[in-house]
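All remarks here apply to the structure that follows.
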Amino acid sequence: GIVAVVVSYQSGSTIDTCLTRLRAASGVDQIRVVDNGSTDATLGIVQRHASLDPRLHFIANPDNPGFAVACNQGARDADAPWIAFVNPDCLVEADTLSRLRAHAGALDVDALLGTDLAGEDGARDPAARRRDPDFAAMLRHASARDLSVPRDPAQTLQRVDAISGAMMLLPRRLFERIDGFDTGYRLHAEDLDLCRRAREAGAVVAVANDIVVAHARERFAQRIGGGGGGECPCDVTDVDAVHPVVGRQQAFEVQGVRVERNRLRVHAQHTAEAQHDPFERRRPHDRLCFGLVRAVQIGVLHRHVRGHR
């Protein structure tokens, strides 16, 4: 069976419909909702669903530890062999997750699979298919800042570098093998990092082009003002789309990433916890790329570079 893990934060406008659909979805044996300190109607809605369905367990964090932490909490509170991460603003159909699991089961290797995503207006979400960021190319060419990959209608399962964290499914054995989400990412880029590590572990990362999930990103973005929280919209596809934090200083530091004119370097934080985390010792290139994603996501890197051309 499948455990559906939903991370909520101020999700009152969508969580009711999300959970109603998950409870009706085929193949779902367990549902875990992890709330990151909501102060709106989210808690009451989730508690009502939990009282009606024994499959649903509710974990209420007193504060907001971040999306990655909450995803790991939900996954590890269950024991189903398949894990689906579903944003509270994603609305699945009755057969969405069972069809996605069937696609994964048909492969001869472990897989991390996503679906096509469409907004309430029917427009496809470009974050559903992405390539890894190449920051050297981003500095040289504006076109390299768009990470989206076009949909290939000829492929039912389209292999890509990365899928969206808004909707993904993988076997528990793969999740445990790569030690889940990296909790060093509080919000943004954790899905890119998970996909990178899944591929390095020999798994297939792909989008099921024949499955479409409604993703009400606009309502969520309006609710949180375009940032914060512990859930998506964390999917950046266009570096120039993030809001600006304009600065002309020679150097600045954002979440452990020091950005200087014509020079980039990462400051590792050597804590006792990090020393025991095997993924804190991953390749320096990964540290640089995903550290820089953090900076880009809050609107710093591309403005700084543009100002010094």
Side-chain angles (χ1 to χ4, degrees), residues 4 6-7 11 13-15 17-18 21-22 25 67 84-104 111-134 138 142-170 187-196 198-199 204-224 226-227 229 231-243 293 296-297:
V6 181
V7 176
S11 305
S13 65
T14 59
I15 190 72
T17 306
C18 173
R21 294 198 176 202
L22 283 174
F67 180 74
F85 295 101
V86 183
N87 262 29
D89 54 358
C90 281
L91 310 178
V92 302
E93 300 298 332
D95 62 349
T96 295
L97 296 179
S98 59
R99 290 174 62 197
L100 200 58
R101 183 184 59 186
H103 278 312
L112 173 57
L113 299 186
T115 68
D116 207 352
L117 299 171
E120 292 179 296
D121 59 356
R124 282 197 170 92
D125 185 346
R129 303 167 192 79
R130 288 175 292 169
R131 56 180 174 78
D132 276 342
D134 181 341
M138 284 179 173
S143 60
R145 298 168 190 165
D146 182 2
L147 303 183
S148 62
V149 175
R151 179 178 183 273
D152 184 352
Q155 297 186 60
T156 301
L157 278 184
Q158 181 178 351
R159 297 194 182 197
V160 292
D161 288 342
I163 59 176
S164 171
M167 169 65 64
M168 51 172 54
L169 178 136
L170 74 166
L187 178 69
H188 303 318
E190 67 287 303
D191 51 357
L192 289 169
D193 174 78
L194 186 78
C195 291
R196 169 76 70 86
R199 297 196 329 264
V204 168
V205 176
V207 174
N209 285 332
D210 61 339
I211 305 175
V212 182
V213 171
H215 189 196
R217 292 183 65 169
E218 287 186 7
R219 269 192 280 169
F220 178 76
Q222 291 167 359
R223 185 168 71 255
I224 64 170
E231 51 178 294
C232 259
C234 56
D235 312 310
V236 155
T237 57
D238 184 349
V239 173
D240 282 326
V242 293
H243 67 82
V293 166
V296 170
Q297 295 248 340

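Qualifying salt bridge (Lys or Arg N to Asp or Glu O under 4.0 Å) partners for D161, counting only residues two or more places apart in sequence or in other chains: none. Residues that satisfy the salt bridge (Lys or Arg N to Asp or Glu O under 4.0 Å) test with R101, not counting sequence neighbours, are absent from this structure. In this view, R124 and D116 satisfy the side-chain hydrogen bond (donor to acceptor under 3.5 Å, both in side chains) rule, not counting sequence neighbours.
Residue I211 holds its CD1 atom at 8.0 Å from OG of S98, rounded to the nearest 0.5 Å. Going from atom CG of D89 over to atom NE2 of H215 covers 3.5 Å, rounded to the nearest 0.5 Å. With values rounded to the nearest 0.5 angstrom, R130 atom CZ is found 6.0 Å from S164 atom OG. With rounding to the nearest 0.5 angstrom, the CZ atom of R199 is 11.0 Å from the CG atom of L194.
Between R129 and D152, every side-chain heavy-atom pair lies at or beyond the 4.5 Å cut-off. Counting heavy atoms from C-beta on, the side chains of F85 and V7 never come closer than 4.5 Å. In this structure the side chain of R21 never reaches within 4.5 angstrom of the side chain of T96, judged on heavy atoms. Residues I163 and D191 are not in side-chain contact: their nearest non-hydrogen atoms beyond the backbone lie 4.5 Å or more apart.
A distance-only check finds a donor-acceptor pair linking the side chain of R151 to the backbone of N209 [under 3.5 Å]. Judged purely by atom type and a 3.5 angstrom limit, E93 has no side-chain atom pairing as donor or acceptor with the backbone of V212.
Taking all atoms of both residues into account, the shortest heavy-atom contact from T14 to P88 is OG1-O, 2.8 Å. Nearest heavy atoms, A216 versus E120: CB-CD, 3.8 Å. The two residues C90 and V86 come nearest to each other via the heavy atoms CB-CG1, 4.0 Å. Taking every heavy atom of both residues into account, N87 and C18 meet most closely at O-SG, 3.7 Å. Taking all atoms of both residues into account, the shortest heavy-atom contact from V207 to A128 is CG2-O, 3.1 Å.
Among L157, L100, T156, the one residue that satisfies the side chain to side chain contact (heavy atoms under 4.5 Å, CB included) test with D210 is T156.
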### Message
Between V92 and M167, is the side-chain contact (heavy atoms from CB on, under 4.5 Å) condition met? List the steps.
### Response
CA-CA 9 Å; V92 302; M167 169 65 64; 3.5 Å; yes
### Message
Pair L170, M168 - check side-chain contact (heavy atoms from CB on, under 4.5 Å), show working.
### Response
CA-CA 7 Å; L170 74 166; M168 51 172 54; 5.5 Å; no
